[in-house]
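See structure below.
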There are 2 protein chains.
Amino acid sequence: MYEQIGADAEIDHEGPQAPYLQLVEILVARIRRGDWDQGRPIASETRLVQEYGLARSTVRRSIKVLAQEGWVHVVPHRGTYVARTSDEQEQEQE
Amino acid sequence: MYEQIGADAEIDHEGPQAPYLQLVEILVARIRRGDWDQGRPIASETRLVQEYGLARSTVRRSIKVLAQEGWVHVVPHRGTYVARTSDEQEQEQE
DNA sequence: TAAGATTTGTGCGTATGTATT
DNA sequence: TAATACATACGCACAAATCTT
């Protein structure tokens, strides 16, 4: 999956897919592309808000999904770090 | 058109005209009267529901017509904005 | 030690989107 | 048409922890 939306895509507010899911795909694409290295922080929520024109609550929702899928690791009051850059160790979530 | 029902009319649930069409005429009259300026949001769906005693689905149906006729522009999750205040650039919809 | 900037945590209110009954 | 419920999204405000200067 994550094939329709690329790393350079923008949010389509009119489309059928929810913006928070679009952002999930975009960020996964950017991680895989190497925009941020493993163990390094991705853009802050505030930055993503500015970059994609979304509400912070929406950005946070996307990050929550990324964390659940194991792409990133959120460190309270510090940042959101890249946990992996490919889906090699893809794992099931209950 | 929109001559029979004025800006201060109320919905007549007994009459021959469907409530959603009555509301369309009322809202157009209110826009033309200047209740809401161009580029500004009209009353929310919830507000219109309370004001006219209609179901939200009915109000939305009216707004859909207004949007198709170019009177308003619906911005997802934000509001319904006045696109024009007169029928100068009246245009055909397919 | 202190102050300021940055970042995530949390909550509230409101609006539209969609579906069901 | 109506009534209801839930999902999705925006905006704002403030708290708490961290980092920088």
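Note on naming: letters A, B, ... go to the chains in the order of the sequence lines (proteins, then strands), and numbering restarts at 1 for each one. The structure displayed is predicted, hence computed values, not measured ones.
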**Prompt:** Which residue pairs pass the side chain to side chain donor-acceptor pair (under 3.5 Å) test with at least one member in residues 7-16 of chain B, sequence neighbours excluded?
**Reply:** B:Asp8-B:Arg33
**Request:** Sequence neighbours left out, what passes side chain to side chain donor-acceptor pair (under 3.5 Å) with B:Glu45? Give chain and number order.
**Result:** B:Arg56, B:Arg60
**Request:** Starting from P on C:dA15, measure out to NE2 on B:His73 and report it in whole angstrom.
**Result:** 18 Å
**Prompt:** Hey, what do you get for CG (A:Asp35) to CG (A:Leu27), rounding to the nearest 0.5 Å?
**Reply:** 9.5 Å
**Complete:** Residue set satisfying side chain to side chain donor-acceptor pair (under 3.5 Å) with B:Tyr52, at least two apart, ordered chain then number -> B:Arg30
**Message:** I need the CZ-P distance between B:Arg61 and C:dT18, as an integer number of Å.
**Reply:** 17 Å
**Sequence-distant partners of B:Arg47, side chain to side chain donor-acceptor pair (under 3.5 Å), two or more places apart** = none
Could you tabulate the donor-acceptor pairs under 3.5 Å formed by side-chain atoms of residues 74-81 of chain A, not counting sequence neighbours?
none

**Message:** If we ignore hydrogens and angles and just use 3.5 Å, is the side chain of B:Arg84 paired with the main-chain N or O of B:Gln38 as donor and acceptor?
**Reply:** no
**Message:** On the nucleotide D:dT8, are OP1 or OP2 found under 4.0 Å from the side-chain N or O atoms that A:His13 carries?
**Reply:** no
**Request:** Give a yes/no answer on whether the side chain of B:Thr58 brings an N or O atom under 4.0 Å of OP1 or OP2 in D:dT1.
**Result:** no
**Message:** Restricting to side chain to side chain donor-acceptor pair (under 3.5 Å), what partner residues turn up for B:Gln50, sequence neighbours left out?
**Reply:** none
**Prompt:** What nucleic acid atoms does A:Pro41 come within less than 4.0 Å of, heavy atoms only: base, sugar-phosphate, or nothing?
**Reply:** nothing
**Prompt:** Taking atom P of D:dC10 as reference, at what distance in whole Å does atom CD of A:Gln50 sit?
**Reply:** 15 Å
**Item:** Where protein sits on nucleotides 1-14 of chain C, one letter per nucleotide: B base, S sugar-phosphate only, - none, heavy atoms under 4.0 Å
**Value:** ------BBBB----
**Prompt:** If we fit an axis to the first five pairs and another to the last five of the helix from C:dA2-D:dT21 to C:dT21-D:dA2, what angle do they make, to the nearest 10°?
**Reply:** 10°
**Item:** 5'-most by nearest nucleotide on DNA chain D - A:Leu54 or B:Leu54
**Value:** B:Leu54
